[in-house]
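Below, read A as the first sequence line, B as the second, and so on, with proteins coming before strands; counting in each chain starts at 1.
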Amino acid sequence: MQWKHKDLLDISQLSADEVRHVLATAAYFREINSRPVKKVPTLKGRSVVLFFAEPSTRTKTSFDMAGKRLSADTFALAKSGSSLTKGETLKDTALTLQAMNPDGIVIRHGSSGAAQFLAERLECSVINAGDGRHAHPTQALLDALTLSRRWGGDFAGKTVLILGDIAHSRVARSNVLLLNLLGANVRLCGPRTLLPPRLDTWPVTVFSEVAKAAQGVDAVMCLRLQLERQQAGLLPDLREYARTFGLSPRHMALAAPGCCVLHPGPINRGVEIDSGLADSAESLILEQVENGVAVRMALLYLYLTRKSPDAAQSGIPV
Amino acid sequence: MPENNKPQQAKKIDLAVKSALWLGPLKSQAKASSQKGSQPGSQLGKMQQPKGQLVDVLVARGRIVSVAPVGSLDVHAAKEIDARGLLLLPSLTDVHTHLREPGQEYKEDIASGLCAAAFGGFSNLLCMANTRPVNDTASVTEFMLEQARKSWPDGPRLFPIGALTKGLRGEELAPMADLKAAGCMAFSNDGRPVASTELFRRAMEYCQDLGRVVIDHCEDPWLAPAAGVNEGEVSSRLGLAGQPDIAEAIQAARDVLLAEYLGAPIHLAHISCEKSVAIIRMAKARGVDVTAETCPHYLTLTEDEVAGYSSSAKVNPPLRPRSDVEALLDALADGTIDMLATDHAPHAAHEKEVEFDAAPCGISGLDTALATSWELVRAGKLPFGAFLRAWTTAPCQRFGLPVNTFAPGDPADFLLFDQDATWVVDPQTMKSKGKNTPLLGRTLRGRVVAHFLAGKSIV
């Protein structure tokens with residue numbers, strides 16, 4: 001498949017076939033990641049800027065490792081060390097980076113729409129590593145890879161529960177789109193104060209009690225609860241939240257046999273997820289991390305080689 | 001009619017505009033036609049643009065002498081204009097603009113704002129007090145008026161709105177008697193609505209003594225203030241913190257209850273949603289002295305404009321869903337909403353070219369308001385009579401401004417309007433310094449070809 005997109009901003013840009021192509025490519029890179037020597041020359045001579053205007057450890061490291069394993073040169077730009085803290089606008093930062101001629105920019109930003117803002121102004125590929133509450137497409141794709149491996153690639157008829165702070169979650173928004181695209185049913189559950197408006201326009205079923213929401217589901221995605229939601233008046237306290245919306249083994253007993261648990265991390269043990277459950281056999285949390293590197297390798301490969309005429313035909317040069 | 005014309009013909013006519021198309025009733029015919037129920041203002045539900053008739057307009061000493069069917073007046077004027085193919089409209093009045101001077105002249109200044117008004121079809125402009133410094137002292141008001149006189153001596157006329165509270169801080173009343181004496185025609189805390197209901201009550205009482213109307217920007221100070229996007233389907237999908245329509249309606253309810261309790265007038269600015277309309281309708285039925293405005297963008301655009309994180313569509317109150325647009329159109333047609341205003345809010349390009357969160361709210365409106373609102377008349381969504389009321393008589397009556405109804409003796413403020421001329425909204429040709437409009441690049445129909453103010457050509 002010749003990759004036609006310049007940028008990855010949100011799952012809504014992709015067709016089901018394109019998603020499957022990403023997942024298949026990622027599965028290939030997963031195999032490379034299991035070799036003793038994990039580095040391939042695929043993106044030698046290409047440069048990728050990791051522009052993280054919001055704190056991030058795992059996503060940034062994951063992209064950094066993905067780029068390096070493909071032999072791309074990666075350059076990290078953190079908000080604290082960048083001119084953004086000196087009052088430079090996002091536009092000027094973007095144009096400055098552009099002038100250095102990178103092949104791709106991976107952006108994490110606190111404002112919804114920031115990745116699109118960059119993509120509209122830059123010639124290089126822009127990969128959205130999370131923009132505000134809007135989208136986190138690489139997380140959704142790594143979640144899909146994880147579930148795909150668990151389910152043998154078949155999402156049809158599967159039901160996934162996304163649990164927690166949906167309103168502020170880019171992970172939830174991207175996963176709702178992607179799971180629907182792949183044919184799964186999506187349920188959402190969380191306190192009303194942490195649900196976005198107009199969920200009637202989303203392709204989901206909404207629950208207010210975890211015990212009902214968990215009935216018969218094939219997977220549960222827990223979302224991280226940001227502790228500042230309490231200060232914002234959206235929650236009385238974490239203890240009550242943990243008791244009413246934290247995922248516990250008794251919920252798993254209501255789910256379908258073989259139900260697995262995902263979490264985008266970092267987890268708050270004992271808040272949104274029972275600590276023992278996070279370490280249990282049902283938990284795929286660490287496999288998500290592993291798949292994250294493979295998915296980001298696949299995405300960097302597809303987006304950065306899309307103009308190479310032979311890329312689609314010759315397969316992945318290793 | 002010939003009898004009526006005799007004394008007029010004896011006057012020295014300064015200007016004769018010939019063969020313009022006039023869609024309203026002639027003053028001498030108004031009575032007869034209203035008996036037949038065919039007056040445009042009463043055509044609610046019919047929604048058909050009246051065919052109109054060709055007329056000649058005579059002007060002397062800055063005032064209307066006569067408007068009569070073409071050729072019925074035999075006069076020799078000092079100046080004659082052939083207006084064949086052009087529509088005759090009274091000049092519009094805009095009771096809600098932000099001209100940014102003093103203090104933010106890079107966004108707009110009084111000269112550029114009045115230029116946009118002149119070419120946009122406006123003869124009277126009320127400008128808000130959120131300048132830097134705030135228009136909370138007489139010297140600022142006087143400065144504004146002086147800047148207007150210097151740049152556009154023949155108009156458009158500028159009428160400053162004074163701050164309701166010092167510095168718009170919502171803590172102490174501004175010296176409103178001083179401000180009135182200096183020329184302020186109304187008072188408002190627009191931009192920073194007064195949170196304290198107690199202080200707002202006192203401000204309304206104080207203004208009532210001065211014979212001035214308080215204009216309120218209805219916005220609950222805690223429900224996602226100045227989000228710039230409606231809380232709804234679009235904000236939910238985009239992951240933006242939206243403002244619910246009740247943020248406006250709750251404050252509108254507060255205001256009309258205060259107005260009823262105090263027996264004081266209130267004017268509600270830029271109404272954007274059906275819930276506020278319902279409150280205004282209820283208040284009017286109870287006899288409350290309330291008037292309200294809405295803006296062309298709330299009648300023509302929906303929250304979908306924000307879908308691509310378009311900061312040019314970020315405005316406060318935000319653009320709403322289609323159902324609110326329909327409710328506003330009905331309310332404007334039936335008079336629940338009395339008038340139109342632009343809420344002209346110019347910003348510099350670099351201020352809007354940022355992440356959606358970081359962009360300031362506001363749409364530049366003076367250049368496009370007439371064309372976009374005329375499109376509603378053309379499409380049968382707004383009766384011609386309601387259009388006239390909304391842009392001329394209602395605002396002028398409410399705020400005590402000169403108005404042209406084309407009756408003899410009225411100020412000769414009128415436009416010749418080419419309703420079929422198409423033009424592209426282009427930053428190069430917009431007169432306002434603020435190019436921040438979601439209409440940029442779109443083609444509009446209808447242009448002001450000539451604008452006369454007190455009989456003098458200003459465009």
Give the minimum heavy-atom separation between [X] and [Y], together with the two atoms involved.
| X | Y | answer |
| --- | --- | --- |
| A:Pro197 | B:Glu231 | CG-CG, 3.5 Å |
| B:Asp357 | A:Ser111 | OD2-OG, 3.0 Å |
| B:Glu355 | A:Ala114 | CG-CB, 4.4 Å |
| A:Arg133 | B:Leu240 | NH1-C, 4.4 Å |

- Item | Proximity breakdown for B:Ala241 and chain A, heavy-atom pairs closer than 4.5 Å |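 Both the backbone and the side chain of B:Ala241 come within 4.5 Å of chain A.
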
- Message: Could you check whether any side-chain N or O of B:Ser236 sits under 3.5 Å from a backbone N or O of A:Pro196, counting only pairs where one atom can act as donor and the other as acceptor?
- Response: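 No, because the side chain of B:Ser236 does not come within donor-acceptor range (under 3.5 Å) of the backbone of A:Pro196.
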
- Query: With distance as the sole test, does B:Glu233 use its side chain to make a donor-acceptor pair with the main-chain N or O of A:Arg198 at under 3.5 Å?
  - Reply: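 Side chain of B:Glu233 to backbone of A:Arg198, a donor-acceptor pair under 3.5 Å: no, none is there.
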
Gap separating the [atom1] atom of [X] from the [atom2] atom of [Y], nearest 0.5 angstrom:
| X | Y | atom1 | atom2 | result |
| --- | --- | --- | --- | --- |
| B:Arg237 | A:Asp10 | CZ | CG | 10.0 Å |
| B:Leu238 | A:Ser112 | CG | OG | 7.5 Å |
| A:Asp131 | B:Tyr309 | CG | OH | 5.5 Å |

- Salt bridge present between A:Arg121 and B:Glu353 (N-O < 4.0 angstrom):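 Result for this pair is yes, salt bridge flagged.
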
Can you confirm whether [X] is buried at [atom1], in the sense that more than 12 heavy atoms of other residues, nucleotides or ligands lie under 6.0 Å from that atom?
| X | atom1 | result |
| --- | --- | --- |
| A:Lys6 | NZ | yes |
| B:Glu198 | CD | yes |
| B:Arg442 | CZ | yes |

- Item | Interface moiety of A:Thr201 toward chain B, non-hydrogen atoms closer than 4.5 Å |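 Just its side chain gets close to chain B.
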
